2 protein chains.
Amino acid sequence: MSDNFEKLISPLEKEIDDLLPSISVDCVILGYKNQQLKVLLLQWKHSGKWALPGGFVRRNENLDDAAQRVLEQRTGLSKIFLKQFHTFGSLERSTIKQIDAGYKALIDFHKQNKKVYEWINNRFISTGYFALADIRKTHPIPDAFSQKCEWKPITAMPDLILDHNTITEKALDYLGVQLNYLPIGLSLLPQKFTMQDLQKLYEAILGRSLDRSNFQRKMLKLGMLVRKEKLMTGAANKAPYLYSFNRAVYKKLLQEGIGFSY
Amino acid sequence: MSDNFEKLISPLEKEIDDLLPSISVDCVILGYKNQQLKVLLLQWKHSGKWALPGGFVRRNENLDDAAQRVLEQRTGLSKIFLKQFHTFGSLERSTIKQIDAGYKALIDFHKQNKKVYEWINNRFISTGYFALADIRKTHPIPDAFSQKCEWKPITAMPDLILDHNTITEKALDYLGVQLNYLPIGLSLLPQKFTMQDLQKLYEAILGRSLDRSNFQRKMLKLGMLVRKEKLMTGAANKAPYLYSFNRAVYKKLLQEGIGFSY
DNA sequence: TCAAAAGTGTTTCCAATACACCCATGA
DNA sequence: TCATGGGTGTATTGGAAACACTTTTGA
């Protein structure tokens, strides 16, 4: 265990002077697989508690770029939809550190190293970023603090450190409200997909079922779907069409907000 | 002039140790009068440049409370709609300080006092807050840095320091997008108002004219307006009804978003 | 009496919804 | 052939938009 910590301390200790104090970023990275929305989470060393991927902001780095860096380092992907959604600045964020089992273990361990100890024990204001990623393309990589990096379904979220559950909830609220302004399908589905795939995705987000016939008509009417050749299904039913997105049209629609009622 | 600066420096110098480094808040406070949307601005001493009301965050203060404090100190009002809308964290925010005429004058003046000089010359990440205030009730008060505090129409915004013009634009975008979730009428109009007042307000925000008949019907259908006795107008036309809001219904509608298309 | 604005009513059109019908496929 | 899901069509409903008509008021 202890050599894990050696690796853990050193990079942070070297970096601290190059970081902005009091500010951090946390990313809620959403994916979709097996008809489930999922969030990319990290499991911290020793305490075993889960956390959102996050990081600090370098003195010579844009806030947005810090989030982008965290995102790339965890997913291995660079061209991903990423947007700031809320900044969390309550005092409780730091006071809870003393009683949060996951965070406390981290703090206690660092008591030896005054510099790092004071740094992580500090009050941080964190800007939350919202990201959409195609799970199939990602290669989840743990950071120096964690032993695992995994996709967890939002219907079965573990207890997260600090206020990370709150941050996640706020991100999901954001998803619901901003539905018509986010590249949901384009970001979460593979290149080719069926109309049912798309509908199931929206149903997962909205938490309710939609009328198949009307969904199809309205989606097609938007003009952002390109119908491909048929799919060989292997299932005991009519083979559905495959679709892909016309990116130009999709992006244009998002500008004004897709006029879609669900 | 110089005694102005004495007053200016001293409060900040004392406060610095009690403030979070690198973080500030800026408030875009909107009001409505004479059929115009207005923003509350401060005119800085010596340089004469205009700026958004802003401030720093105390070590023992919630981020939201810091914004609330700024808002109260400038307007004299406490119960005002206030909401965070975006956090500005680009590097240019600080690099521009050296060439921004308004900010440079401030920096230059403080060269004597190392502590304050380093503080204001630092890189800050600023969280923008959006507020709605009834102009008639406010008592604009300049802060220690400024000589004036005035309402300026958004159609004739002066050049603001740093990225404050950008922040204002983003706030107005936010207003447009969040229209159905913001207590526009309740916050910006006096207790009693005519249907035309309400319509003109929405027209000012949307930047286009609306059909009188349809506006009235849709607004009344929402059930959040209470019709009062007639108004003595003094104009050469039929006297219009006066309305006020049913706050309970209004608040409830805002929860789900007023289902209103304009 | 007249212009201006207020209040109310009417018509048209389109989108949302619910649901019916037939088609294709593999077990 | 039958269950399953896919593709398409239709009737109903309600709201948005455009606009017509009448009413009230002070000049």
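Numbered from 1 within each chain, the chains take letters A, B, ... in sequence-line order. Quantities reported herein were computed from a predicted structural model and do not represent experimental measurements.
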Show me the donor-acceptor pairs within less than 3.5 Å that the side chains of residues 254-261 of chain A make with the rest of the protein, sequence neighbours left out.
none

Taking atom types as modelled and ignoring hydrogens, do the side chains of A:Thr168 and A:Asn165 form a donor-acceptor contact shorter than 3.5 angstrom?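 Not at all, the side chains of A:Thr168 and A:Asn165 share no donor-acceptor pair under 3.5 Å.
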Check whether the side chains of A:Ser126 and A:Ser24 place a donor and an acceptor atom closer than 3.5 Å, and report yes or no.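 Yes, a side-chain donor-acceptor pair sits under 3.5 Å.
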Mind calculating the distance between [atom1] ([X]) and [atom2] ([N]) to the nearest angstrom?
X        : N      : atom1 : atom2 : value
B:Leu225 : C:dA6  : CG    : P     : 15 Å
B:Gln196 : D:dT24 : CD    : P     : 19 Å
A:Tyr243 : D:dG6  : OH    : P     : 11 Å
A:Gln199 : D:dG6  : CD    : C1'   : 11 Å
A:Leu220 : D:dG6  : CG    : P     : 14 Å
A:Asn237 : C:dT25 : CG    : P     : 10 Å

Establish, yes or no, whether the cationic atom of A:Lys228 lies under 6.0 Å from the six-membered ring centre of A:Tyr241 and within 45° of the ring axis.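 No cation-pi geometry.
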Does A:Lys152 qualify as a cation-pi partner of A:Trp50, given the criterion of NZ or CZ under 6.0 Å from the six-membered ring centre and within 45 degrees of its axis?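 Judged by the rule (NZ or CZ under 6.0 Å from the ring centre, within 45° of its axis), A:Lys152 counts as positioned above A:Trp50.
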Per-nt protein contacts along nucleotides 11-21 of chain C (heavy atom under 4.0 Å; B base, S backbone sugar-phosphate only, - none) come out as ----SSBBB--
As a check on the pairing definition, encode DNA chain C in dot-bracket form, counting Watson-Crick and G-U wobble pairs whose two distances are under 3.5 Å, and using | for partners outside this strand. |||||||||||||||||||||||||||
